[in-house]
Every structure is written in C-alpha cells, then in structure tokens.
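Shown next, in structure tokens, is the structure this report addresses.
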Amino acid sequence: MAKYFRKGSRSSMMVLGGTSHPELTAKIARKVGVKIGKIDLGKFKNGETAVMLQDNVRDKDIYIIQTGGVRSNDAIIELLLMINACKLASAASITLITPYYPYSKGDQKSSLRSPITSKLLANMIQKSGAEHIMMLDPHSPQLVGFFDIPVDSLKVEPLFCTWITNNIPNWRECTVVSPDEGSAKRSTMIANYLELEFAMIHNRHKKTISSRKLSREQTPAVDLEPPGSDVSLKLTYRMVERLMKISGEVEGCDCILVDDMIDTGSTMQLALDVLRAHGAGKVYIFAAHGVFSGDAFENLIHAENLEKVVVTNSIPQETSRQKLGSLLEVVDISGIISEYIRRCHYNESVSVLSDVGGEFDTKDQLLRSLVRQEMERERHPENEEAAGGGCGGGGAEGAGPGLAVARVRRGYRLDSICWD
C-alpha cells in the first residue's frame with residue numbers, strides 16, 4: 001500500500017518478464033518508457049525452476065508480466081517464484097500482469113471429483129505475495145471473485161471494433177454472431193458499439209453431436225471433420241435445422257463470429273458449418289486468446305467460408321502465423337497494457353481502458369483537456385475548415401459534449417499512448 005501515499009515516478013517502477021512471452025514484455029516496457037529488470041530464469045540440473053533477481057527492487061513498484069498458454073505449468077511455477085523473490089527483496093508493491101490467465105477454463109467443477117483449478121491458482125498467487133492483478137478478457141467473469149486482492153479485468157472488444165471498421169469494407173452490413181450462449185455478452189458488446197445486427201447459435205447439443213458418429217442420411221451433409229480424418233462425423237442439414245437453431249438473420253450476410261478464445265477450434269468449426277448451412281457469406285472470427293491446440297489449425301484451414309481469424313498477441317503467435325499464413329491477423333495489446341501500467345502507477349482510473357460504448361470518467365486528468373479541445377472545435381468549425389483540417393463539413397449542427405466525448409473516448413482508448 002506504500003505506493004498510494006507517495007508521488008509516483010518512473011524511477012520507482014520496474015517491469016519484469018517471464019519466459020512465456022518476452023516479445024510482449026519488451027513492447028510494453030518500451031511504451032512505458034522503462035528498461036526491463038534483469039532477472040535470471042532457468043532450470044537446475046534436476047529440472048526444478050531457478051529464479052534470481054539481478055536488480056535492486058527495494059521500495060519499487062514491480063509489474064510482472066507472465067502469460068499462460070505456453071508451457072503453462074512451468075510458467076506458473078516461474079511466476080510464483082518471481083513474485084515471492086520480489087516480496088522477500090522488500091518490493092513496495094507487486095502487480096501481476098497476466099494477459100491470458102492460466103487454467104481459466106477450470107472455473108468450476110466439471111465433475112463430482114474434479115478440482116476448481118482457477119481458484120486454487122488464485123490462492124497460490126495471493127499466498128506468494130501478489131497485491132494486484134490484471135487479466136485480459138478472462139474466460140468467465142467469476143474469475144475475478146476468486147481473488148481477495150484488487151483485480152482489473154480489461155476487455156479487447158474496443159480493439160476489435162477498431163480492426164473491424166478499418167479492415168472490413170462492408171462492416172455496416174455484417175451481423176455479429178455468438179457461437180454459443182456463453183459468448184453472447186461479448187458479442188452483444190461489439191454489436192451494440194458498432195450498431196450492427198446480432199445473432200446467436202444455440203448449440204446446446206454440441207457435446208452430444210460431437211460424441212456420436214452420425215451415420216450418413218439421404219439429405220446432404222456438412223463435414224465436421226477435416227479431409228483425411230479417421231473419424232467420419234457428419235452433420236446433416238436436417239440436424240442443423242433441428243438441433244442448431246440460430247436466433248437472428250444471417251442468410252446472405254457476412255458474419256463476425258466472436259468468442260473469448262480458440263482452443264481446439266471445434267466450437268468455431270461447428271459455428272462455421274452452421275452458418276454455411278444457413279446461407280451466410282464470409283465469416284470473420286474474433287477471439288481474445290489464440291491458444292490453437294490439438295487439431296485447431298486443420299479445423300480452421302479447411303473451412304470454405306472463413307475469411308479471417310483475428311486474435312491478440314496475449315499468447316505468442318509465431319507458430320500460428322506459419323500454419324495459418326494470411327488467414328491470421330494479430331492485434332497488438334501492448335498499448336492498452338502499457339497504458340494500464342502507467343495509470344496504475346500514477347493512481348489514475350483504469351475504467352476507461354475497458355469501457356465499451358459507455359461514458360468515461362469526466363474527471364480523468366488526461367481526457368478533460370482533450371474534451372475541451374473537441375468541444376471548441378465543434379463550436380467553431382469554420383476555424384478548422386480554414387486550416388484545412390475539416391472532416392467533410394457537418395457544421396455546428398449536433399455540437400455538444402456528447403460528440404466530443406465520443407471522439408475522445410474512442411480515439412484515446414483504442415490507440416493508447418503512454419505519457420509521463
């Protein structure tokens with residue numbers, strides 16, 4: 001708590017990174033404007049993890065960046081040792097930055113004799129000495145409730161909205177689709193923000209369909225397995241109509257499919273088949289975390305109606321780029337994380353970073369001056385036109401704080417830049 005009673009500066013800040021994602025750590029440190037702290041990470045001859053701090057961390061605010069999805073078990077042990085090493089070295093505060101929270105799917109008991117892994121990991125992180133944690137778009141909201149320390153859950157939907165408006169030519173005619181009931185809230189955020197139509201696939205029978213080898217029927221069938229697979233699993237159009245209903249109109253429309261992660265790709269593959277069976281056009285897949293395990297690449301490559309797969313770099317995507325090629329687009333999250341670190345270090349509000357379509361805090365020190373500038377520009381549009389900075393006219397009609405706030409909120413939040 002020491003950092004709340006003193007004036008912050010970059011000299012009292014240190015960024016440390018594990019071995020899970022060094023490229024992201026370097027980008028964040030560069031945008032924050034600090035050097036990465038020196039730390040030795042390795043293995044003993046018996047395979048145990050070794051951690052040794054090389055820089056002085058006494059009375060400093062430490063930000064540890066470690067993501068899951070890459071050798072998660074080793075990453076977790078490495079993270080716990082890094083946190084405990086900083087605590088024992090008298091760090092003033094320890095904040096954990098985990099873009100992809102490991103074992104995020106273990107947020108509930110999957111059977112009577114299974115553990116709640118996410119809760120267990122939360123207890124371990126707190127016990128090791130972490131005082132604050134930031135995670136990016138967790139699998140389920142209840143992950144925040146597993147901690148007894150402050151947790152900030154940032155969202156990537158604003159970044160996806162920017163990509164959609166800049167890279168999809170006919171985005172105003174697209175329909176946002178949720179592949180299942182669990183992703184409905186994420187999908188509606190994007191649909192409401194962009195003012196697009198919304199549809200949802202009801203795949204309550206997904207596990208039943210995936211666990212059975214369905215026999216060929218007389219009606220045309222949609223392959224659920226890639227060519228060359230040993231399993232002959234087919235979903236007929238009659239089954240699509242009976243079991244996989246869609247709430248909303250997708251026929252003849254390009255679709256934006258939104259989910260929190262792509263793991264094995266089975267959910268997305270099923271959604272692509274259902275959309276094709278209902279006459280949808282091109283499909284753009286958006287997921288915060290691209291895990292791409294198992295047969296994910298094969299499931300996506302062979303989809304005829306798939307146009308793009310857009311994920312963030314919360315997990316390293318070098319292998320994914322090689323496998324998917326031009327089909328994959330990676331959105332950089334280093335800007336929003338670096339801005340979060342800056343705001344957290346200077347005790348400023350971070351709600352503006354994850355706000356999707358709502359009003360930001362008008363008391364924000366950095367945004368008040370920008371809002372004033374926008375309002376002045378709207379009151380006197382002739383000055384802007386005379387300077388050649390007009391945006392197609394529009395005049396003073398509709399001028400007021402609402403439009404100014406919208407401009408500043410979108411531009412500032414989506415393209416974060418750190419200041420000191």
Checklist line | S187 and V177, any side-chain heavy atoms less than 4.5 Å apart | finding: no
Note to self: Is the shortest side-chain heavy-atom distance between I337 and M134 below 4.5 Å?
What the structure shows: yes
Margin query: Any non-hydrogen side-chain atom of L120 less than 4.5 Å from a side-chain atom of P115?
Written below: no
Next item on the list: Give me the one residue out of E318, Q317, K323 that meets side-chain hydrogen bond (donor to acceptor under 3.5 Å, both in side chains) with S320.
Entry: Q317
Check: Are a donor atom and an acceptor atom from the side chains of H289 and T312 found within less than 3.5 Å of each other?
Finding: no
Check: Only one of Q66, K43, R71 clears side-chain hydrogen bond (donor to acceptor under 3.5 Å, both in side chains) with E78; which?
Finding: Q66
Check: Mind checking whether I164 and I190 have side chains closer than 4.5 Å, heavy atoms only?
Finding: yes
Check: Do any N or O atoms from the side chain of R343 and from the backbone of S349 form a donor-acceptor pair under 3.5 angstrom?
Finding: yes
Next item on the list: Measure the acute angle between the ring planes of F297 and F292, then classify it against the limits of 30° and 60° as parallel, tilted or perpendicular.
Entry: parallel
Notebook entry, point to check: Does any N or O in the side chain of D180 come within less than 3.5 Å of the main-chain N or O of S183, such that one atom is a donor and the other an acceptor?
Noted result: yes
Item checked: Sole candidate of H345, H132, R10 that passes side-chain hydrogen bond (donor to acceptor under 3.5 Å, both in side chains) when paired with D61 -> H345
Next item on the list: Evaluate the salt bridge (Lys or Arg N to Asp or Glu O under 4.0 Å) criterion for residues E348 and R342: first the C-alpha distance (whole Å), next the side-chain angles of each, then the deciding distance (0.1 Å), finally the verdict.
Entry: CA-CA 8 Å; E348 298 177 7; R342 190 202 65 79; 2.9 Å; yes
Notebook entry, point to check: Can you check whether P138's main-chain N or O pairs, donor with acceptor, with D260's side chain at less than 3.5 Å?
Noted result: no
Notebook entry, point to check: Given the rule in the side-chain hydrogen bond (donor to acceptor under 3.5 Å, both in side chains) test, do T67 and H21 qualify, once you have shown the distances and angles that lead to the verdict?
Noted result: CA-CA 7 Å; T67 189; H21 205 337; over 6 Å; no
Item checked: Flag for S128-N84: side-chain donor and acceptor within less than 3.5 Å -> no
Next item on the list: Kindly indicate whether the side chain of F160, heavy atoms from C-beta on, has any atom under 4.5 Å from the side chain of V331.
Entry: yes
Next item on the list: Quick one: closest heavy-atom pair of P179 and V258, and the distance?
Entry: CD-O, 3.0 Å
Next item on the list: Show your reasoning for whether side-chain contact (heavy atoms from CB on, under 4.5 Å) applies to V151 and M135.
Entry: CA-CA 8 Å; V151 179; M135 59 182 68; 4.1 Å; yes
Item checked: Contact check, side chains of Y100 and M261, non-hydrogen atoms, under 4.5 Å -> yes
Next item on the list: Using a strict 4.0 Å threshold on nitrogen-to-oxygen distance, state whether E339 and K31 make a salt bridge.
Entry: no
Notebook entry, point to check: Salt-bridged, D263 to K105, with N to O below 4.0 Å?
Noted result: yes
